[in-house]
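The structure appears right after this line, and notes come after that.
So that the names make sense, note that chain A is the first sequence line, chain B the second, and so on, each numbered from 1.
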There are 2 protein chains.
Amino acid sequence: MVSSKDVAKHAGVSQTTVSRVLNTPELVTKKTLEKVLNAIEELNYIPNDIARSLVQKKTGVITLISGPLHNPFFVDTTTAIVNYANENGYKINVYFGTEDNLHTIYNSVLESKTDAIILSSILYDDPLYDKLEKLNIPFITFNRKHKKDNHYVEIDNEHAGRIVAETMYSLGHTDLCWIGGPQTMSTFYGRHKGFCAALHNLGIATDKLPFYFTDTSKAEIKAVFEMIVSLDKRPTAICAATDAIAIEVMSLCLEKGFRIPEDFNIIGIDNVELSRHHSINLTTVGMKSEKNLGSLAIAQLLETLKEENACIRQTESVKLFLRNTTSKKVD
Amino acid sequence: MVSSKDVAKHAGVSQTTVSRVLNTPELVTKKTLEKVLNAIEELNYIPNDIARSLVQKKTGVITLISGPLHNPFFVDTTTAIVNYANENGYKINVYFGTEDNLHTIYNSVLESKTDAIILSSILYDDPLYDKLEKLNIPFITFNRKHKKDNHYVEIDNEHAGRIVAETMYSLGHTDLCWIGGPQTMSTFYGRHKGFCAALHNLGIATDKLPFYFTDTSKAEIKAVFEMIVSLDKRPTAICAATDAIAIEVMSLCLEKGFRIPEDFNIIGIDNVELSRHHSINLTTVGMKSEKNLGSLAIAQLLETLKEENACIRQTESVKLFLRNTTSKKVD
DNA sequence: CATAGTAATGAATACGTAACCATTTTAATC
DNA sequence: GATTAAAATGGTTACGTATTCATTACTATG
């Protein structure tokens with residue numbers, strides 16, 4: 001391994017000067033600059049970023065703890081986050097968190113020197129929040145938020161839930177069902193809350209409607225779908241708390257020979273990229289802005305790294321994207 | 001920042017002993033072990049992995065240069081690679097390479113201390129190969145391979161191409177078209193070569209068939225599809241070099257009101273996870289093994305990190321996955 | 001030409017850890 | 001209790017860079 005000392009010796013200057021050539025070349029004479037650059041060239045010198053990180057106490061690495069990519073939402077956000085970070089000179093360490101490995105990931109991340117953390121996996125009442133604040137490590141959550149109501153970028157989940165209910169109602173559907181996720185996550189909690197609130201306002205009793213709270217795994221969604229199919233009074237519309245759930249339900253529907261939307265109306269939330277595919281064409285609720293939630297979060301995070309301004313509370317407004325998995329109810 | 005020196009002072013031992021407690025506790029008395037562990041606890045000490053990397057010359061980081069996630073193939077491989085690496089104690093730095101930013105990424109990666117590189121973006125005749133060998137940095141390519149025929153895990157691309165042609169032929173389709181990618185990549189080259197070879201064997205002249213070589217962008221695929229639609233003699237079957245292309249073509253078909261497979265048969269290669277979705281249900285060619293190509297590659301890479309055995313040439317055999325985007329031709 | 005001021009360079013040090021080698025402590029055997 | 005071997009601990013250094021401070025080399029001004 002050739003170091004800056006080797007370069008210095010080869011060029012007949014001090015190691016300090018080599019460092020200057022790389023970092024503050026304007027403080028170096030043209031003549032010595034050339035000498036050093038030539039030496040760097042000849043020796044194929046590559047600066048050691050680990051050593052630099054040690055002395056500067058900055059790694060240039062941001063840790064992303066994402067959900068798994070079989071959820072298309074995280075495909076979109078991971079793409080946006082990684083690319084934005086790279087364009088701004090940061091490297092991204094990626095983890096895909098699941099219920100099983102999340103604790104292991106947290107330990108690994110907390111023991112690693114990372115300039116900041118961007119994650120979505122936080123629970124509404126998660127002890128991780130305090131740990132991060134205590135360690136004074138900059139972080140932001142996207143999609144979900146913590147009860148302490150800071151460091152987050154989300155969509156207006158309650159409004160999204162309301163739009164889902166109102167959309168189905170306006171299409172004539174009153175036999176609805178809801179497939180959600182763990183209520184310990186702000187997204188699922190908020191969407192469900194908005195959904196129920198809207199139904200209440202519309203005069204639809206929610207206590208008789210089938211509500212299911214899954215762990216969002218394929219297995220549980222399948223189990224839930226089979227329960228729905230076997231209901232005495234089958235719902236005409238399935239309201240999924242996320243596009244990921246909705247798209248999985250679509251696959252199950254088609255597998256069983258049901259038609260969409262003739263047999264089941266389906267609606268999701270998130271407006272993931274995949275939902276636009278003409279084989280899917282999922283009616284959904286998503287951000288009004290063209291931007292991606294991951295982009296917004298990583299942009300905010302990089303801002304706070306500059307300014308030490310530790311206050312990010314961003315809730316993006318939402319709207320309906322009407323596509324082909326929904327239709328007017330025919331009696 | 002609390003260091004191992006602080007812990008040492010607090011526990012009344014040397015920094016060396018603190019280091020031993022963390023790395024070789026069996027060399028330490030129970031009594032001092034406890035003292036040190038208590039000090040660690042009280043001071044909330046977290047070892048600095050950067051300093052450790054510097055002295056050990058190992059970072060525990062592997063760099064993944066993947067293609068973009070809007071290609072579902074890379075969704076599958078990225079998932080497999082990141083998870084496998086994490087399970088084995090490695091962190092993964094992720095980049096999503098495109099034609100535009102690839103050069104920038106290479107520069108960034110080469111200047112960073114990474115234990116190894118796993119990438120798919122290599123060209124058949126890529127100067128990067130020599131650079132990596134020269135720098136003596138362990139690496140592996142998945143999916144694509146370099147002409148120097150080493151450090152790769154791939155599928156049998158030629159065979160895949162043959163299966164595509166034979167499948168369509170056996171269904172009665174002889175008006176075929178091919179939508180491929182840059183022939184500078186071993187995948188596209190091999191698949192196209194196998195496709196042509198099989199057609200030749202079947203007695204179908206390839207010189208009159210419409211072959212298109214795109215850059216795999218949505219824009220070019222769309223342009224190609226429009227050309228296909230406007231052909232005098234419209235092909236009855238579209239053979240895509242990858243599932244990503246096939247799935248994009250499906251969306252374009254449906255958007256224009258064509259039916260699949262009534263108006264167009266469609267087949268891909270890769271057998272990506274998404275192709276199994278019942279809204280897609282794409283006929284495709286993929287690995288016989290249940291494993292993922294990314295898994296195989298990262299597993300091989302980690303092996304070579306242990307053994308310094310620098311020879312990986314793995315070509316996985318393939319088979320047909322017959323689904324619903326293909327059907328017997330009716331005259 | 002002297003002098004002050006600035007530009008350019010170098011020497012020494014810190015960053016936080018692991019590793020090497022030396023030293024002290026403990027245990028074991030006679 | 002003496003001697004020897006083994007176990008446990010500590011002192012020092014290396015890793016490769018940026019930074020701080022000191023020093024030397026220039027330049028400009030009168």
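- If one axis is set at each end of the helix from C:dC1-D:dG30 to C:dC30-D:dG1 from five pairs, those axes are 40° apart, to 10°.
- Partners of B:D100 under the salt bridge (charged side-chain N to carboxylate O under 4.0 Å, His left out) rule, at least two apart in sequence or in another chain, do not exist in this structure.
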Would you be so kind as to tabulate the donor-acceptor pairs closer than 3.5 Å made by side chains of residues 104-111 of chain A, with sequence neighbours excluded?
from, atom 1, to, atom 2, distance (Å)
A:Y106, OH, A:S121, OG, 3.1
A:S108, OG, A:Y95, OH, 3.1

Sequence neighbours excluded and cut-off under 3.5 Å, please list the side-chain donor-acceptor pairs for residues 59-75 of chain B, or say none.
from, atom 1, to, atom 2, distance (Å)
B:T59, OG1, B:V61, N, 3.2
B:T59, OG1, B:K113, O, 3.4
B:T59, OG1, B:D115, OD1, 3.1
B:T63, OG1, B:T114, OG1, 2.9
B:S66, OG, B:T78, OG1, 3.4
B:N71, OD1, B:F73, N, 2.9

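- Listed by chain and residue number, nothing satisfies the side-chain hydrogen bond (donor to acceptor under 3.5 Å, both in side chains) test with B:K91 (two or more places apart in sequence, or in another chain).
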Base versus backbone protein contacts along nucleotides 7-19 of chain C [heavy-atom cut-off under 4.0 Å; B, S, -]: -SBBBB--BBBBB
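- If you take CD1 of B:I50 and P of D:dA14, they are 22 Å apart, rounded to a whole angstrom.
- Rounded to an integer number of Å, the gap from NZ of A:K9 to C1' of D:dG16 is 14 Å.
- A:S295 is linked by a side-chain hydrogen bond (donor to acceptor under 3.5 Å, both in side chains) to nothing, counting only residues two or more places apart in sequence or in another chain.
- Atom NZ of B:K113 is separated from atom C1' of D:dC15 by 12 Å (rounded to the nearest Å).
- A search for ring pair (Phe, Tyr, Trp, His ring centres under 6.0 Å) contacts involving B:F139 returns B:Y129, B:H151, not counting sequence neighbours.
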Atom pairs and distances, donor-acceptor, side-chain atoms in residues 51-58 of chain B, under 3.5 Å, two or more places apart:
from, atom 1, to, atom 2, distance (Å)
B:S53, OG, B:D49, O, 2.8
B:S53, OG, B:K58, O, 3.2

Derivation and outcome, salt bridge (charged side-chain N to carboxylate O under 4.0 Å, His left out), residues B:D126 and B:K147: CA-CA 8 Å; B:D126 202 316; B:K147 65 177 178 182; over 6 Å; no
